[in-house]
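Take a look at the structure set out below.
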Protein chains: 2
Amino acid sequence: MVNYMKSDPLSTAFAALADPTRRAMLTRLCEGEATVNEIAAPFDLSLPAISKHLKVLEGAGLISRGRSAQFRPCRLEPGPLKDVADWVERYRRFWDESLDRLDNYLKEIQYKERSDDA
Amino acid sequence: MVNYMKSDPLSTAFAALADPTRRAMLTRLCEGEATVNEIAAPFDLSLPAISKHLKVLEGAGLISRGRSAQFRPCRLEPGPLKDVADWVERYRRFWDESLDRLDNYLKEIQYKERSDDA
DNA sequence: TAGCTAATTAACTTAATGGTGAACTATATG
DNA sequence: CATATAGTTCACCATTAAGTTAATTAGCTA
């Protein structure tokens with residue numbers, strides 16, 4: 001009987017990434033630091049909603065926030081993204097394999113079609 | 001004003017992966033097909049709970065299920081894992097960069113320490 | 001000080017998630 | 001047919017998540 005802790009960092013990162021708004025925010029932060037209002041601009045959401053999303057991202061360690069005057073510039077923190085990449089990377093052989101199978105299948109089809117032509 | 005759809009496949013995949021029980025199930029399925037009870041064995045959870053987790057994984061396209069007699073063997077479906085890997089891969093340069101910065105920082109520290117010694 | 005801008009917090013609603021036990025479906029077998 | 005095994009569905013409960021509006025904090029500027 002395994003007892004999994006309910007909020008390990010990897011789970012928190014996956015959960016934070018499970019929202020398209022938050023993923024879009026990270027994409028925006030690829031271009032560099034941004035204030036909350038700059039991040040909010042493209043979305044049809046209230047500022048408190050944006051604030052909550054940013055808190056989720058910060059809680060997952062995916063962003064960090066500074067202070068300058070009344071602004072809280074956000075910056076991308078890639079650590080958890082690397083953890084996600086490392087986790088998912090262990091499955092690479094499976095999708096490579098299934099692409100191989102698809103490839104073989106397509107070759108087989110082509111072969112049969114060629115036979116049909118003949 | 002961007003209008004993001006609330007349950008695109010990538011979000012569904014990330015959400016499914018945000019639970020350590022479900023990630024453990026996928027890890028188990030790396031070894032090959034398994035029945036529901038085989039999958040359930042390591043967990044201290046009721047069978048309905050297991051069934052729900054499997055439904056979430058199936059809904060995300062991360063597993064598929066067959067039938068043989070009264071068993072529903074589950075198998076890993078790596079497609080969405082590849083999509084996750086592809087998404088996160090776009091951030092690789094960021095963690096590479098920060099590791100570089102860490103590397104430089106550590107080298108700098110070592111340099112200073114050496115100077116202190118001298 | 002008053003007022004503007006940036007952002008967060010509070011209080012609330014609604015919906016989704018994760019769990020349970022009990023009942024049910026489906027298949028195999030004595 | 002009766003019973004055991006495999007698994008799902010139902011009805012329910014507690015917690016969390018995502019959004020809102022209104023109020024609040026913090027810092028700049030006239």
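Just so we're clear, the structure is a prediction, and the values are computed from it rather than from any experiment. Here is how names work: the chains are called A, B, and so on, in the same order as the sequence lines, proteins then strands, and each is numbered from 1.
Between the C1' atom of D/dT29 and the CZ atom of A/Phe71 lies a distance of 12 Å, rounded to the nearest Å. Taking atom CD1 of residue B/Ile50 and atom C1' of nucleotide C/dT20, one finds them 13 Å apart after rounding to whole Å. Atom CZ of A/Arg65 is separated from atom C1' of D/dA26 by 15 Å (rounded to the nearest Å). As a whole-Å value, the separation of A/Arg67 CZ from C/dA7 C1' is 9 Å. Atom CG in B/Leu54 sits roughly 9 Å away from atom P in D/dG7 (whole-Å rounding). Computed from coordinates, the A/Glu38 CD to C/dT5 P distance equals 16 Å when rounded to whole Å. What separates CG of A/Leu17 from P of D/dA18 is a distance of 12 Å, to the nearest Å. For the pair A/Gln70 CD and D/dA26 P, the interatomic distance rounds to 13 Å; values are reported in whole Å.
Contact annotation: B/Lys55 side-chain N/O to D/dT9 OP1/OP2 distance is under 4.0 Å. One finds no side-chain N or O of B/His53 lying less than 4.0 angstrom from the OP1 or OP2 phosphate oxygen of C/dT17. Contact annotation: A/Lys52 side-chain N/O to C/dT8 OP1/OP2 distance is not under 4.0 Å. Listed pair A/Asn37 / C/dA7 meets the phosphate criterion, a side-chain N or O lying under 4.0 Å from OP1 or OP2.
Formation of a donor-acceptor pair under 3.5 Å by the B/Arg22 side chain with backbone atoms of B/Ala15 is found in this model. B/Ser68 places no side-chain N or O within 3.5 Å of a backbone atom of B/Phe71 that could act as its donor or acceptor partner.
Relative to the side chain of B/Val36, the nucleotides D/dG7, D/dG27, C/dA7 differ in distance, and D/dG7 lies closest. Between D/dA18, D/dT20, C/dG19, one nucleotide has an atom nearer to the side chain of B/Leu45 than all others, and that is C/dG19. Between D/dG19, C/dG19, C/dT9, one nucleotide has an atom nearer to the side chain of A/Ser51 than all others, and that is C/dT9. Taking only side-chain atoms of B/Ala49, from C-beta outward, the nucleotide of C/dT20, C/dG18, D/dT20 with the closest atom is C/dT20.
In the hydrophobic cluster analysis, where Ile, Leu, Val, Met, Phe, Trp and Tyr join through side-chain heavy atoms closer than 4.5 angstrom, B/Val56 is grouped apart from B/Leu10.
With the nearest nucleotide of DNA chain D identified for both B/Pro48 and A/Ala69, B/Pro48 has the one nearer the 5' end.
No salt bridge links A/Glu58 with A/Lys55; every basic N to acidic carboxylate O contact stays at or beyond 4.0 Å.
Distance check: B/Cys74 SG to B/Arg28 CZ gives 10.0 Å after rounding to the nearest 0.5 Å.
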